Amino acid sequence: MTIQRPRGTRDFLPEETWKRGRAKLAMQDVLERWGYQEVATPTFEHLELFTRKSGASVMEEIYSFKDKGGRDLALRPELTAPVMRMYVSELQNSPKPQRLCYYGNCFRYERPQKGRFREFWQLGAELIGGARPDSEAEVIALAERTIQSVGVGGDIHVGYLGLIRSILDRIEAEHRSAIMRMIDKKEHSALKEFLDIIGQEHLGLLELTDLKGKAALDKAAQIVSDLGSSASSPSAPMQSKIPEPSLAGRSSAREGRKVSSELNLEEFCQTVELLDAYGVKYTVDFEIVRGLEYYSGTVFEIYAEGLGAQRQICGGGTYELASLFGGKETSSTGFGLGFDRIMEIVQIEKTRRSPVYLVYTPDVKVEAARIAIKLREIVPIVLDVMGRGIGAQLKAAASAGAKFAVIVGRSELDSKKITLRDLSAGEQESLALEEIEMRLKAEFT
RNA sequence: GCCGGGAUAGGGUAGUGGUUAUCCUGAGGGACUGUGGAUCCCUCGAGCUGGGUUCGAAUCCCGGUCCCGGCCCCA
């Protein structure tokens, strides 16, 4: 029996690989235009990097292993943590802000389904150390432009965790994560029931998450003024917001850490205004909470059609992770997008060029090889290695979709004129090698 | 982890509890020793896997693997 691929992995044949390469280039071109520099991190890291960021709950879906030295390692399940790790250890003293982007394969032990694989690719960007509204608007606009560059559109939903967290501050801590979950899951009735059960006035939480767009923003403003006048302690009354960098402890973002929940709707409004300036179409949507405790400000997600259950192609927001990896606290904004999901709906015109076939008679094989080497400085050249005759070589060229064949035989060599055949037109002419070079050069640029 | 549907040459497929398992495409060769994707001929190549029922299983039953879709989850 042949050996199969491991579950949830894929082979990419030439055509698909070419298409993926093109899409990647198109998106990276946008990132480059916005001043983002690509970085790369290892495929595997210390397991702790990921558990510290996301909690022990990720263990179920992480590919982890001990190496021969007994170290606990993991195939990276995402790229934000490695990039932040790199930033903390190598870039902290570089000028701010840092604009970084990345592309790489990630691994999660999950049940494969449409748009979900065990090995998958993420492309993303992080803007580290910038001021909030400007950074947030830039990153969201950049995310939109990036997917647009491959002909993909999507609905952008923008939320603000500062507000949600401030509301939650009025609710007992033990209930907060459950509420976040229900908001994230869009379980309205369950949320209402829950708020009733725990006997909390919901401070407009239900309406807030129900409304979208301008109405949601108005509601938010109203809630903020209510919160301000309700005279309890000012925002962020919790424990110190700078935690011990917890080098020894295994505390995770989910457990120990408290992200500052300062409420600054003003800033969020600025972000939104800037988005208008960038010409980004978006929906204000306070249901976007991303369920992660290290997000602190604006969060956003992008959804696309045609992907079945896995509609989300991009997610991001402002977070504070640097301190978790032992660095100075630095506010960053970033996004990651699901490259494989995007590839399912990508619009790329297929203009892949077939190489030129250098067709030769067996008696001039040596000369043909020399000519091939020379022509390859200009165009892709394929040389027969099957010992086929001219007819069969042309047949192969035609079936490969080649537009041109260069034909070399004894008579060409004697006359120093080589045949250039246009396979699509069915015409050919005899030309000096230099002239053929010029012709092909013109065709292939 | 859960639910449903699948698996027959490299790709796409047909069929039946009973000899050498269809057809299309593909690949290699030939007709064709210097000119094409056509045509004709030849060749190559398959019932996921392990067990069970049966005189006999690719077909029926069970387990596993993998694929497709959905749930859970989604850093």
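Quantities reported herein were computed from a predicted structural model and do not represent experimental measurements. In what follows, chains carry the letters A, B, and so on, assigned in the order in which the sequence lines appear, proteins first and then strands, with residues in each chain numbered from 1.
Annotation: proximity of residues 429-440 of chain A to RNA chain B (heavy atom, distance under 4.0 Å) is found for no residue. Scanning residues 410-426 of chain A for heavy-atom distances under 4.0 Å to RNA chain B yields A:R410, A:S411, A:E412, A:R421, A:D422, A:L423, A:G426.
Under 4.0 Å is where a charged nitrogen must lie from a carboxylate oxygen, and between A:E305 and A:R311 at least one such pair does. Ion pairing of A:K403 with A:D422 is present here, as a side-chain N (NZ or NE/NH1/NH2) and a carboxylate O approach within less than 4.0 Å. For A:E78 and A:K53, the salt-bridge test passes: some basic side-chain N is under 4.0 Å from an acidic carboxylate O. Under 4.0 Å is where a charged nitrogen must lie from a carboxylate oxygen, and between A:E119 and A:R5 no such pair does. A salt bridge links A:D196 and A:K192; the closest N-O separation between the charged side-chain nitrogens and carboxylate oxygens is under 4.0 Å. At a threshold of 4.0 Å, the pair A:E287-A:K212 counts as salt-bridged, since one of the basic side-chain nitrogens sits closer than that to a carboxylate oxygen. A:K374 and A:E437 are joined by a salt bridge, as a carboxylate oxygen and a charged side-chain nitrogen come within less than 4.0 angstrom of each other.
When the side-chain nitrogen and oxygen atoms of A:R388 are compared with OP1 and OP2 of B:G29, one or more of them lie within a distance under 4.0 Å. Distances shown here put every side-chain N or O of A:K53 at or beyond 4.0 Å from the OP1 or OP2 atom of B:A75. Contact annotation: A:R7 reaches the phosphate of B:C67 (side-chain N/O to OP1 or OP2, under 4.0 Å). Dashed line: the shortest gap from a side-chain N or O of A:R108 to OP1 or OP2 of B:A75 is not under 4.0 Å.
In this structure B:U16 sits in no base pair that meets the Watson-Crick or G-U test at under 3.5 Å. Across all strands shown, B:G26 is found opposite B:C44 as a Watson-Crick or G-U wobble partner, with both distances under 3.5 Å. In this entry B:G34 has no Watson-Crick or G-U wobble partner, no candidate having both defining distances under 3.5 Å. When both pairing distances are held under 3.5 Å, B:U59 makes no Watson-Crick or G-U pair with any nucleotide shown. Shown here, B:A21 forms no base pair; nothing in the strands shown gives a Watson-Crick or G-U wobble contact with both key distances under 3.5 Å. Across all strands shown, B:A7 pairs with B:U65; the Watson-Crick or G-U wobble distances both stay below 3.5 Å.
Donor-acceptor pairing under 3.5 Å, judged by distance alone, is absent between the side chain of A:Q393 and the base of B:U35.
A side-chain hydrogen bond (donor to acceptor under 3.5 Å, both in side chains) with A:D340 is found for exactly one of A:R20, A:Q310, A:Q122, A:R116, namely A:R20.
Side chain of A:E61, nearest nucleotide from B:C73, B:C67, B:U65: B:C73. In the set B:U35, B:A75, B:G70, B:A75 carries the atom at the smallest distance from any side-chain atom of A:P77.
Comparing A:A400 and A:P362, the nucleotide of RNA chain B nearest to each residue sits closer to the 5' end for A:P362.
Going from the P atom of B:G10 to that of B:U19 covers 24 Å, rounded to whole Å. To the nearest whole angstrom, the two P atoms, one in B:G64 and one in B:U25, are 40 Å apart.
Using a 4.0 Å heavy-atom criterion, one finds that A:G409 contacts the bases of the nucleic acid, with or without backbone contacts as well.
Between the side chains of A:S296 and A:T318, no donor-acceptor pair is found at a separation under 3.5 Å.
The CD atom of A:Q113 sits 6 Å away from the P atom of B:C71 (whole-angstrom rounding).
Shown here are the ring-ring contact (aromatic ring centres under 6.0 Å, His included) partners of A:Y63, two or more places apart in sequence or in another chain: A:Y109.
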